[in-house]
Amino acid sequence: MKMNTLLLLLILAWTLSTEVFAQPPHILVAPILQHTDTNTSLYSITLNGGEHYIIDFDAPFTWYQCQSPQFPVGCNYGACSTARTYIPPSCPVNNTFTESQCYCNDAPVNPITKSCAPSQMTYKDMVLYWTDGRSLLGAMDFNRLYVSCAPLSLLQSLPEEVIGVGALSWSSLALPYAFSDLPDQLVARKFALCLPSSSEASGAIFFGDGPYNLGPSTDFDAAKVLTYTPLQADPTLLGYYINLAGISINGKAMNVPQNSFNVNQSVKLSTIVPYTTLKSNIYKTFIRDFKKAAKGIVQVTYVDPFRLCFNISTMGSSNNGLHVPQIDLMLGKGEKWTIYSPNSIKQVNDNVGCLAFLDGGETAEQAVVIGTYQIENNLLQFDFNQSRLGFSSSLLPYGATCGGFNFTVSGIV
Ligand SMILES: *[C@@H]1O[C@H](CO)[C@@H](O)[C@H](O)[C@H]1NC(C)=O
Ligand SMILES: *[C@@H]1O[C@H](CO)[C@@H](O)[C@H](O)[C@H]1NC(C)=O
Ligand SMILES: *[C@@H]1O[C@H](CO)[C@@H](O)[C@H](O)[C@H]1NC(C)=O
Ligand SMILES: *[C@@H]1O[C@H](CO)[C@@H](O)[C@H](O)[C@H]1NC(C)=O
Ligand SMILES: *[C@@H]1O[C@H](CO)[C@@H](O)[C@H](O)[C@H]1NC(C)=O
Ligand SMILES: *[C@@H]1O[C@H](CO)[C@@H](O)[C@H](O)[C@H]1NC(C)=O
């Protein structure tokens, strides 16, 4: 608990006492932007009112491009030992020893190029918003969070307006842990991510419990429509994994060998992979079964990187978008994650829509990597305390979208 934070809480408590809220707010929120200037559509979290950090479920700590840091972190800090456990073998880096001091160095990784660079561990203030889940109530300043000061070269292949990577992993150095590290568990140890489907409207990331108001009316709380499935915890692996029992298309289970999915860590969630990838054997069956179920829709020559494309004008429409076979991810305990056309068909031009899943190869590490196209306009809640993932499936049938949160700054901010 840092002094400024405490002060802010006190001011906030005072501000709130003049408002209608009976309790202090327990939710923090920040905008999520979609970047469309690269091949990979990436998403960033906006902190400090305008700094964009690519979000990454696998990153152990946040890093940004900076000159040599004003306040380097000493080697004897626990955070230094933690950061150094994530040094990739390809990036050996020693700490910096001066006459009387030892300063901490670590090695952040660029999630696109996978390159790494020796960097100095430092501190940075981060500001985001308090909310009651409906509108913004004030600013919250976290002082001196641990981040890494990386060379400019590490930003290669990331969108131009981005200054670094925001870690959303479960590591104790990542943002979800830092933002819930407040007294009296004011902010619950969970976060909810909602990726927008275009760069026009900001999506949202909430730290703490709901409500998460994403439209259409101020009464709609996306936290109320979540279904839960266990997160597969593996203390040796950052990132988030779930158990998949199978995939069904129009209600019919895909016929793949029994052990295709039921290996630990076989289904991974990613904010970096643009389209869900399936291991080759699963992918082949998936394409074949989808084609079969899409009887009546005219297939056209495929457009890279996809392998199954259709004439959109032969699809017809339904309540949930285009009329195409419904895909269900059958999760470990019988929960069903439904994927409708806005998350399964990518329109590549006026006439052509393609099945937005890719072949992950024969030797893919995971059977399935769930990519960002499949989670746009879906709310995902990562609950650390209960080690579970809450998912909404598409919010569109509720009339809500990830762009539905009201980020309009009112007087008190
Ligand atoms: C986009 O992808 C193409 C083909 O994969 C590649 O040649 C090109 O360099 C990529 N562009 C960017 C900006 O990454
Ligand atoms: C790190 O320190 C060790 C021991 O002093 C030395 O052998 C090694 O070359 C150093 N590595 C780098 C990358 O500086
Ligand atoms: C999967 O995880 C469970 C529980 O941690 C363990 O008992 C089992 O041996 C693991 N299976 C494989 C194939 O790694
Ligand atoms: C799609 O179908 C429509 C109507 O049948 C036809 O006019 C059009 O040429 C087709 N487009 C493509 C790309 O096949
Ligand atoms: C953790 O979860 C349990 C239920 O599994 C709940 O009773 C408890 O209040 C939670 N603790 C926090 C800090 O959220
Ligand atoms: C969004 O929030 C602002 C400030 O709280 C408020 O004035 C405005 O009416 C809200 N807009 C909608 C559509 O609710």
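Order of appearance sets the numbers: ligands from 1, and atoms from 1 within every ligand.
Distances below 4.0 Å separate heavy atoms of V300 from the following atoms of ligand 4: 14 (O).
The SG atoms of C149 and C66 sit under 2.5 Å apart.
Using a distance-only test at 3.5 Å, with no hydrogens or angles considered, no donor-acceptor pair links the side chain of Q326 to the main chain of Y340.
Annotation: atom 3 (C) of ligand 4 to nearest protein heavy atom, S313 OG, 3.3 Å. Scanning the protein for heavy atoms near atom 13 (C) of ligand 2, the closest one is P92 O, 3.7 Å. Counting protein heavy atoms only, atom 5 (O) of ligand 6 is closest to S410 CB, 3.7 Å. Counting protein heavy atoms only, atom 6 (C) of ligand 6 is closest to N406 ND2, 4.1 Å. Here the heavy atom of the protein found nearest to atom 14 (O) of ligand 2 is N94 ND2, 3.3 Å.
Counting protein heavy atoms under 4.0 angstrom from atom 11 (N) of ligand 6 gives one or more.
Between N311, V352, T301, it is N311 that holds the heavy atom closest to atom 2 (O) of ligand 4.
Taking the six-membered ring for Trp, F61 and Y146 have ring centres at least 6.0 Å apart.
No more than 12 heavy-atom neighbours from other residues, nucleotides or ligands sit within 6.0 angstrom of CD on Q156.
Salt bridge annotation for K124-E51: present, with a cationic side-chain nitrogen under 4.0 angstrom from a carboxylate oxygen.
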Between R307 and D359, is a side chain to side chain contact (heavy atoms under 4.5 Å, CB included) present by the stated rule, with each step listed? CA-CA 9 Å; R307 287 294 175 270; D359 187 345; over 6 Å; no

